[in-house]
4 protein chains.
Amino acid sequence: MTGDTHRPHTGRRRNEAARQAILDVAVELLGSAGDGPVTIDTIAAAAGVGKQTIYRWWPSKGAVLLEALAGRAGADIPVPDTGSLRADLEAFLRATFRAAGNPHTASALRHTMAEAQRDPHAREPMRDFLASRRRVLRGLLERARDRGEIASGADLDLIVDQAYGVLWIRILNGHARLGEAEATALAGSLAGQARG
Amino acid sequence: MTGDTHRPHTGRRRNEAARQAILDVAVELLGSAGDGPVTIDTIAAAAGVGKQTIYRWWPSKGAVLLEALAGRAGADIPVPDTGSLRADLEAFLRATFRAAGNPHTASALRHTMAEAQRDPHAREPMRDFLASRRRVLRGLLERARDRGEIASGADLDLIVDQAYGVLWIRILNGHARLGEAEATALAGSLAGQARG
Amino acid sequence: MTGDTHRPHTGRRRNEAARQAILDVAVELLGSAGDGPVTIDTIAAAAGVGKQTIYRWWPSKGAVLLEALAGRAGADIPVPDTGSLRADLEAFLRATFRAAGNPHTASALRHTMAEAQRDPHAREPMRDFLASRRRVLRGLLERARDRGEIASGADLDLIVDQAYGVLWIRILNGHARLGEAEATALAGSLAGQARG
Amino acid sequence: MTGDTHRPHTGRRRNEAARQAILDVAVELLGSAGDGPVTIDTIAAAAGVGKQTIYRWWPSKGAVLLEALAGRAGADIPVPDTGSLRADLEAFLRATFRAAGNPHTASALRHTMAEAQRDPHAREPMRDFLASRRRVLRGLLERARDRGEIASGADLDLIVDQAYGVLWIRILNGHARLGEAEATALAGSLAGQARG
DNA sequence: TACTAAACGAGACGGTACGTCATGTCTTCGT
DNA sequence: ACGAAGACATGACGTACCGTCTCGTTTAGTA
């Protein structure tokens with residue numbers, strides 16, 4: 001960025017408190033699993049905000065939801081660096097599964113992924129969000145590869161997708177648990193495969 | 001699907017033509033990627049059917065979509081049995097990815113998965129559909145295990161979920177291709193992982 | 001297709017009870033002078049009807065209001081025929097002023113005339129409504145002319161507009177009463193003028 | 001109005017140019033018949049003024065409109081004094097009808113009268129405006145009465161209301177022209193009526 | 001020359017109402 | 001008695017306009 005510090009910007013500034021309230025409320029509603037279908041009116045009312053204030057800054061409901069989600073999810077997943085692929089992977093996946101296994105977070109992820117399929121404005125943010133998560137995991141793998149723990153020809157992106165694929169299909173379909181045991185097993189499989 | 005043509009019946013029977021028309025139209029609309037949201041009115045109109053005829057036989061839009069999808073997807077995926085895990089897996093995944101990589105099918109899968117998140121009536125059929133696909137792949141793996149190609153302690157379900165996880169996350173998020181090369185790579189990874 | 005001569009109208013018929021409820025509620029709300037601004041949502045809620053049911057049959061709020069008004073106003077103004085212009089005019093204007101002087105009716109007329117200025121869909125119905133009222137009064141005058149009570153060259157339409165002009169300007173601006181005394185005075189003036 | 005001379009008043013003074021621009025723009029927008037609804041945002045933008053500058057000096061949109069209208073309408077209607085009721089009335093009504101018959105003025109009057117029905121802040125100014133116009137015409141009639149051209153018992157206000165009533169009902173409803181011929185006819189009728 | 005107060009253009013804000021769209025239910029009539 | 005047509009209640013959507021509330025800037029009087 002250059003030094004365009006002198007933004008003129010006449011007029012009232014965006015109310016940051018309102019923005020936060022909207023996102024907070026969105027996350028909260030997204031998380032309350034059973035409750036009805038997360039409405040813009042509901043968000044606006046709960047945030048003490050006019051609907052237009054939402055539509056002034058986001059192009060659609062999906063976009064709000066995505067931004068709300070992206071701001072939260074993944075925030076508390078530390079990236080371990082123990083020097084061992086197996087241990088790093090296990091720690092990372094355990095933290096990830098623990099977070100995603102939380103019913104509120106899972107509900108939010110489900111809702112949001114569904115929204116991203118129907119709302120074009122939510123597609124791109126969702127891609128960005130997932131890309132950022134994938135990037136983190138890929139970084140972890142790259143470090144291991146640099147240490148020689150992974151064959152240099154291995155397809156790191158495929159490993160990443162195997163990890164997040166298991167996570168997402170279980171979130172969306174709910175046919176299996178997302179617990180620490182599952183994370184450990186998955187970490188073991190992937191580490192073994194990578195070492196392959 | 002099956003030949004229940006010759007069954008005698010007293011009283012007026014369900015109009016099988018209407019049922020088929022509804023499912024056909026649903027699949028078709030589901031597949032026309034860009035076009036607006038798949039509506040019940042749209043389906044009814046395109047099928048030349050009254051809305052009530054749909055709601056008489058299915059509890060909700062999602063249920064129709066799911067049945068339409070389940071009747072098609074997976075129908076043309078043969079289950080290979082070459083005697084080699086690696087070859088079986090590769091053949092199966094290549095066929096699967098080829099089918100799911102088709103833009104129309106992918107669009108239908110996307111729509112339907114989204115619908116399953118919001119429509120309770122679609123959850124169960126979606127679970128059944130995915131379970132049936134998983135069962136097929138698991139059967140393939142079990143045969144390999146019986147042949148001794150897989151360590152007896154391996155978590156077959158985890159392998160299955162990795163396969164379908166990669167498929168679904170790429171369908172839903174569209175960040176990577178779903179081609180034969182990807183299928184082959186994935187088959188190699190999973191076979192290696194299974195072999196231990 | 002040929003021969004669609006008499007389409008017998010398949011499908012559910014319009015709910016006449018709903019239609020009446022909408023118009024009744026509209027008149028009632030229109031008449032409750034002080035209360036806020038007669039909303040479509042309010043009408044729908046009070047009539048126990050969905051908004052779409054209103055918009056299915058009327059193009060806009062103004063059109064509903066106009067039809068509601070036209071169905072009521074003027075309904076209870078008898079057209080006298082005493083054989084005397086002066087007496088007929090007086091009776092007619094007294095009844096008209098008495099009706100229009102009623103605060104509820106006046107409020108409704110005011111609201112509706114205002115709506116007709118802003119809503120293109122309300123213009124035409126308003127013209128029709130006023131035309132029908134003018135026609136009644138003009139008929140009364142024509143009978144008097146046929147009896148020789150009015151000079152054959154008199155501009156009956158002008159007389160009619162003088163009468164309804166006084167009515168409306170007072171309704172809209174409220175600078176003078178609309179009582180029977182005023183009706184009597186106006187009847188006298190107009191009868192004198194007509195007599196030439 | 002007067003005598004607040006000793007108010008210290010520090011700070012910037014009211015921008016008279018802005019005030020004029022607002023009123024000018026209001027009149028112009030009010031007059032552009034077909035164009036959408038006259039909005040405060042539109043006025044502000046067209047006048048190159050902030051909305052607050054409008055609301056600082058007027059209590060509501062209607063008030064602006066009214067002041068804009070009152071400042072223009074009636075300004076160019078001379079009050080004739082020929083010594084003959086009939087001639088005075090005809091001259092006055094011809095000038096009035098000519099002005100009000102102008103499509104721009106008519107549009108402005110229509111809009112404004114509608115606004116006065118819904119905006120309490122516009123009611124009083126509208127009453128004042130109409131009262132001032134009525135007063136002028138009444139003055140004309142009073143002079144004629146003083147000359148003995150009108151029966152002393154005649155209800156001058158009723159005559160005035162007939163004149164403006166015809167004008168307004170035709171402006172608002174548009175069922176008849178507002179031309180010079182109509183003005184002449186009306187003048188004749190009212191003069192005859194007044195003469196008794 | 002500073003300082004203070006008010007008015008200014010810009011524009012974001014909380015609201016209210018609008019008119020549209022989709023869902024799932026409920027008539028009506030033709031076959 | 002089934003089924004296509006389509007009206008129904010419900011409720012969310014996204015837009016428009018209202019009148020209010022900041023922003024930072026300009027303009028006048030006061031110190």
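Keep in mind that what you see is a predicted model, and the values were worked out from it rather than measured. In what follows, every chain begins at residue 1, and chains take the letters A, B, ... in the order their sequences are listed. Quick note: numbers below take in every heavy atom, side chains included, and nothing from hydrogens, waters or symmetry partners.
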Item checked: Derivation of the side-chain contact (heavy atoms from CB on, under 4.5 Å) call for H111(A) and E115(A) -> CA-CA 6 Å; H111(A) 258 100; E115(A) 198 65 32; 6.0 Å; no
Next item on the list: Could you go through the side-chain contact (heavy atoms from CB on, under 4.5 Å) check for R14(A) and R19(A) one step at a time?
Entry: CA-CA 8 Å; R14(A) 177 170 189 179; R19(A) 179 177 168 278; 3.3 Å; yes
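Atom NE2 of H111(C) is separated from atom P of dA17(E) by 12 Å (rounded to the nearest Å). Distance, N15(C) CG to dT27(E) P: 9 Å, rounded to whole Å. Nucleotide dC21(E) holds its C1' atom 14 Å from the NZ atom of K61(A), rounded to whole Å. Rounded to whole angstrom, the span from the CD1 atom of I54(A) across to the C1' atom of dA12(E) amounts to 14 Å. When the P atom of dA17(E) is taken as reference, atom CG of D41(A) falls 14 Å away, rounded to whole Å. For D119(D) and dG19(F), the CG to P distance is 7 Å, given to the nearest whole Å. In this entry the distance linking CD of E115(A) with P of dC13(F) reads 9 Å, nearest Å. Between the CZ atom of R118(A) and the P atom of dC21(E) there is a distance of 16 Å, rounded to whole Å.
In this model, the phosphate group of dT20(F) is not approached by any side-chain N or O of Y55(D) to a distance below 4.0 Å at OP1 or OP2. Between W57(A) and the phosphate of dC13(E), there is a side-chain N or O to OP1/OP2 separation shorter than 4.0 Å. Dashed line: the shortest gap from a side-chain N or O of R13(C) to OP1 or OP2 of dC29(E) is under 4.0 Å. Contact check, R56(D) against dC8(E): a side-chain N or O comes under 4.0 Å of OP1 or OP2.
Contact of the L109(A) side chain with the L30(A) side chain is not registered, since no non-hydrogen atoms from C-beta on lie closer than 4.5 Å.
The listed nucleotides are dC8(F), dG11(E), dG9(E); the one nearest the side chain of R12(A) is dG11(E). Proximity note for I40(C) (side chain, C-beta onward) versus dC17(F), dC13(E), dC18(E): the nearest is dC18(E). For T53(D), the side-chain atoms get nearest to dC8(E) when compared with the rest of dT23(E), dC8(E), dC8(F). Distance from the side chain of K51(A) is smallest for dG14(F) among the nucleotides dG14(F), dA12(F), dA22(E).
Take the nearest nucleotide of DNA chain F for G11(A) and for T42(A): the residue whose nucleotide is more 5' is T42(A). Residue G50(D) is the one, among G50(D) and P59(B), whose nearest nucleotide of DNA chain E lies closer to the 5' end (criterion: closest heavy atom). The nearest heavy atom of DNA chain F to A47(C) and to A45(B) marks one nucleotide each, and the one closer to the 5' end goes with A45(B).
With rounding to the nearest 0.5 Å, the separation of CE in M113(D) from CG in L66(D) is 9.0 Å. Distance CE/M126(B) to CG/L65(B): 9.5 Å, rounded to 0.5 Å.
A donor-acceptor contact under 3.5 Å is not formed by the side chain of T10(C) with the base of dG6(F). Looking at Q52(C), its side chain has no donor and acceptor atom pair within 3.5 Å of the base of dC8(F).
The environment of R118(C) atom CZ is sparse: at most 12 non-hydrogen atoms of other residues, nucleotides or ligands sit within 6.0 angstrom.
Residue P37(D) is in sugar-phosphate contact alone, with no base atom involved, counting any heavy-atom pair closer than 4.0 Å across all strands shown.
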